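Heads up, the thing below is written out as structure tokens.
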Amino acid sequence: MHEMSLAEGVLDVVQEAARAHLPCAVRMVRLEIGALAAVELEALRFAFEVVKRGSVADGAQLDIVQVPGAAWCMQCSDSVAIGERTDPCPQCGSWQLQVTGGDQMRVKELELA
């Protein structure tokens, strides 16, 4: 379950940002997670609940914004939306796609109190 290490990484980012604004507590953490990022959202929510205990993010709400997958088709030279890395091009059916978005995870916003 790599979501636990992802949650620990998110907490590290949150704690570093909170240190710059001491004294404070984190009220909300907003993550942007792409559809192609291979992250199980419910497992990440659970893992974040576990790792935030006793930290500056102890009472924080986790808000996840999902970003759709995007790719460029080498056959029809078009940018297309995809749900999974193994999807064919919805325009021409080609499998020659290069992922251009929706494969990242980042801390988008923090709300501090």
Side-chain angles (χ1 to χ4, degrees):
M1 180 164 114
H2 77 285
E3 283 78 4
M4 185 61 78
S5 61
L6 292 175
E8 290 170 341
V10 169
L11 184 62
D12 289 344
V13 170
V14 169
Q15 288 178 323
E16 186 175 323
R19 268 189 229 111
H21 298 89
L22 286 176
C24 75
V26 180
R27 298 174 86 174
M28 186 268 304
V29 177
R30 180 165 292 131
L31 300 179
E32 218 176 50
I33 302 177
L36 308 176
V39 176
E40 177 59 48
L41 300 182
E42 290 310 309
L44 180 62
R45 286 182 199 281
F46 175 80
F48 188 72
E49 286 297 318
V50 171
V51 300
K52 74 178 187 177
R53 291 184 192 146
S55 73
V56 295
D58 199 351
Q61 171 192 347
L62 182 63
D63 182 34
I64 297 176
V65 177
Q66 291 185 276
V67 178
W72 181 75
C73 178
M74 295 179 207
Q75 283 291 6
C76 64
S77 298
D78 202 3
S79 292
V80 296
I82 57 173
E84 296 184 19
R85 289 182 181 270
T86 56
D87 286 351
C89 175
Q91 309 272 12
C92 70
S94 171
W95 297 97
Q96 295 178 328
L97 298 176
Q98 181 173 352
V99 173
T100 58
D103 60 343
Q104 300 171 349
M105 175 179 149
R106 70 181 182 133
V107 177
K108 181 164 176 78
E109 183 180 346
L110 298 175
E111 183 179 314
L112 305 175

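In what follows, residues are counted from 1 in the order of the sequence shown. Note that the coordinates shown come from a computational prediction; the quantities given were computed from them, not determined experimentally. The analysis underlying the following values was restricted to heavy atoms, covering all of them including side chains, and did not include hydrogens, waters or symmetry mates.
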Applying side chain to side chain contact (heavy atoms under 4.5 Å, CB included) to K52 and V26, what does each step give before you reach the verdict? CA-CA 10 Å; K52 74 178 187 177; V26 180; over 6 Å; no
Just how far is it from atom OG1 of T100 to atom CG of L36, taken to the nearest 0.5 Å? 9.0 Å
Show the nearest heavy-atom pair for residues A37 and Q104, with the distance to one decimal. CB-O, 3.9 Å
E3 side-chain N/O to E40 backbone N/O, donor-acceptor pair under 3.5 Å: yes
Return the OG to CD distance between S55 and Q15, rounded to the nearest 0.5 Å. 5.0 Å
Let me confirm one number: the CE-CG distance from M105 to L44, rounded to the nearest 0.5 Å. 5.0 Å
Could you state the interatomic distance from SG (C92) to CG (D78), rounded to the nearest 0.5 Å? 9.0 Å
Considering non-hydrogen atoms only, spot the tightest contact between A57 and F48 and give its length. CB-CZ, 4.4 Å
Going through the distances and angles, do W95 and C89 end up as a side chain to side chain contact (heavy atoms under 4.5 Å, CB included)? CA-CA 6 Å; W95 297 97; C89 175; over 6 Å; no
Charged N-O contact under 4.0 Å between R45 and E42: yes
Should V29 and V13 be regarded as members of a common hydrophobic cluster, given that ILVMFWY residues are connected when their side-chain heavy atoms come within less than 4.5 Å of each other, either directly or indirectly? yes
CE of M28 to CG of L62, rounded to nearest 0.5 Å, is 9.5 Å
Tightest non-hydrogen contact, residues P88 and L97, listed as C-CD1, 3.8 Å
Give, for atom NZ of K108 and atom CZ of R106, the distance between the pair rounded to the nearest 0.5 Å. 4.5 Å
Quick check on the hydrophobic clustering: are W72 and V80 connected, directly or via other members, by side-chain heavy-atom contacts under 4.5 Å? no
Working for side chain to side chain contact (heavy atoms under 4.5 Å, CB included), residues L31 and V107: CA-CA 5 Å; L31 300 179; V107 177; 3.7 Å; yes
Path from V67 to I82 over hydrophobic side-chain contacts below 4.5 Å: no
Is there a path from L112 to V14 through hydrophobic residues (I, L, V, M, F, W, Y) whose side chains come within less than 4.5 Å of each other? yes
